[in-house]
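What follows is a set of notes on a single structure, which appears directly below.
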2 protein chains.
Amino acid sequence: MDVGSRLKEARKKRGFSQRKLAQEADVSNGTISLIEQNKISPSVALLKRLLEGLSMSLGEFFNEDKYPKEKQFFHADELTEHTFGSIRFLQVGGDLHDRRLQILREHYPPHSDTGELMLVHNGEEGGIVLRGEIEVTVGDEIQLLRAGDAYYFESNKPHRFRNPGDDDCEIFSVCTPPNF
Amino acid sequence: MDVGSRLKEARKKRGFSQRKLAQEADVSNGTISLIEQNKISPSVALLKRLLEGLSMSLGEFFNEDKYPKEKQFFHADELTEHTFGSIRFLQVGGDLHDRRLQILREHYPPHSDTGELMLVHNGEEGGIVLRGEIEVTVGDEIQLLRAGDAYYFESNKPHRFRNPGDDDCEIFSVCTPPNF
DNA sequence: TAGCATAGTTTATTATATTGAACAATGGAA
DNA sequence: TTCCATTGTTCAATATAATAAACTATGCTA
């Protein structure tokens, strides 16, 4: 995890010295030095104070991924395909284990249906209908969306996608974090 | 922040008892009890071990936002419009302050160009080309993407979008966290 | 060069987290 | 009911983090 390096980087980005941050967060400067060298592991409470001094949330702090990522561009035939019954998902990128977005082009044949999907991650998801019609159920809300319409909700609500029409439906969707 | 309640909730969701989690994470069960009551603030190192026992990352743990969100469905004419010169962005949802995704339908007229965009958040962004052609520059890589092609990179790299052709270009894009 | 300000580091002391074991409290099964 | 298993809680002992002050190093100005 390397909390030390991350803290140091965040501090440097703000242009703070250890002492400046120590003052802001009401912490001793020695403590900051030890943390940055990973000689001690700060309590969550202390780290929170430090990050407040840097105007950063714990969530942001721990989500800052810095490993350089591989492929950046994907040709249409390089998208990773997933199928669930007759429904096809074309995913941007392969292994999304250490990534935050799952970007999909979804293809729903006429009368296809995901059924109720269980709550997976505690994330968010949204999308825009490219063509055709799709009936989206989220919690106790049901909506029929057409080309150009969009949705955006929290993934922990039970949800369902159903193509009620006689034409194909295509959706551009995204969720964070990735589901599969 | 209430680390205690969050930990308890995450543990319950997995169906673990305090002792079961203690065993998984090689921590004493008493410690878990005290943490869940917010009587002590665990070190980051310990919390990490606990979350590993629950198959959860620190980032996920601190990002679990539970405030219920408002609107879930958006008709095509309800998308929020942003314009930068001749480039139009249609955004899903209005105020994204407390949200994690910014979902856009982007419209690039012939020969439009964003210029070099500065690094904004330390996030990620990606998208798929719906129609037309777009030249995408990320760091020192340049690619011409056509309908169906996609991109996915880290937002802290300088990047630029340019429509070199004589036809309109439309893109579905997403970034986390939101930029504007 | 000397003098001073600021940077990060180290260390003995103090405060806090963590342990391990004992302590309820609850819920079956016999 | 009694017995046993399992739950979460508490507390003295121990390990670790956090402090405050001393220390080193660097750079700037006179």
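No experiment lies behind these values; they were computed from the predicted model shown. Quick note: numbers below take in every heavy atom, side chains included, and nothing from hydrogens, waters or symmetry partners. All chains are named by letter (A, B, ...) in the order of the sequence lines, taking the proteins before the strands, and each is independently numbered beginning at 1.
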Report yes if some heavy atom in the side chain of [X] is under 4.5 Å from a heavy atom in the side chain of [Y]; otherwise report no.
X: Lys12(B); Y: Lys8(B); result: yes
X: Val129(B); Y: Arg146(B); result: no
X: Pro110(A); Y: Asp167(A); result: no

Donor on one side chain, acceptor on other, Ser5(B) and Glu9(B), under 3.5 Å: no

Gap between atoms [atom1] and [atom2], on [X] and [N] respectively (whole Å):
X: Leu46(B); N: dT16(C); atom1: CG; atom2: C1'; answer: 13 Å
X: Gln23(A); N: dA7(C); atom1: CD; atom2: C1'; answer: 15 Å
X: Ile32(B); N: dG8(D); atom1: CD1; atom2: P; answer: 9 Å
X: Arg49(B); N: dA17(C); atom1: CZ; atom2: P; answer: 16 Å
X: Leu34(B); N: dG20(C); atom1: CG; atom2: P; answer: 14 Å
X: Ile35(B); N: dT9(D); atom1: CD1; atom2: P; answer: 12 Å
X: Asp26(B); N: dG20(C); atom1: CG; atom2: C1'; answer: 13 Å
X: Asn38(A); N: dT10(C); atom1: CG; atom2: P; answer: 13 Å

Closest listed nucleotide, where the reference is the side chain of [X] and the choices are [options]:
X: Ser28(B); options: dG20(C), dA18(D), dT7(D); result: dG20(C)
X: Ile40(B); options: dA18(D), dT9(D), dA17(C); result: dA17(C)
X: Arg19(B); options: dT7(D), dT19(D), dT10(C); result: dT7(D)
X: Asn29(B); options: dT9(D), dT18(C), dT7(D); result: dT9(D)
X: Ser33(B); options: dA17(C), dA7(C), dG8(D); result: dG8(D)

Any side-chain N or O of [X] below 4.0 angstrom from OP1/OP2 of [N]?
X: Ser17(A); N: dA7(C); value: yes
X: Arg11(A); N: dA7(C); value: no
X: Gln18(B); N: dT6(D); value: no
X: Lys12(B); N: dG8(D); value: yes
X: Gln37(A); N: dG8(C); value: no
X: Thr31(B); N: dT19(C); value: yes

Looking at every strand, decide which applies to Lys39(B) at a 4.0 Å heavy-atom threshold: base, sugar-phosphate, or nothing.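 Since only primed, P, OP1 and OP2 atoms lie under 4.0 Å of Lys39(B), the category is sugar-phosphate.
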
Between Ser43(B) and Lys20(B), which has a closest nucleotide on DNA chain D that is more 5'? Lys20(B)

Trace of the ring pair (Phe, Tyr, Trp, His ring centres under 6.0 Å) decision for Tyr151(A) with Phe161(A): CA-CA 11 Å; Tyr151(A) 63 92; Phe161(A) 292 78; 5.3 Å; yes

Are Leu144(B) and Tyr108(B) connected, step by step, through hydrophobic side chains (Ile, Leu, Val, Met, Phe, Trp, Tyr) whose heavy atoms are closer than 4.5 Å?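 Result: no, two separate clusters.
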
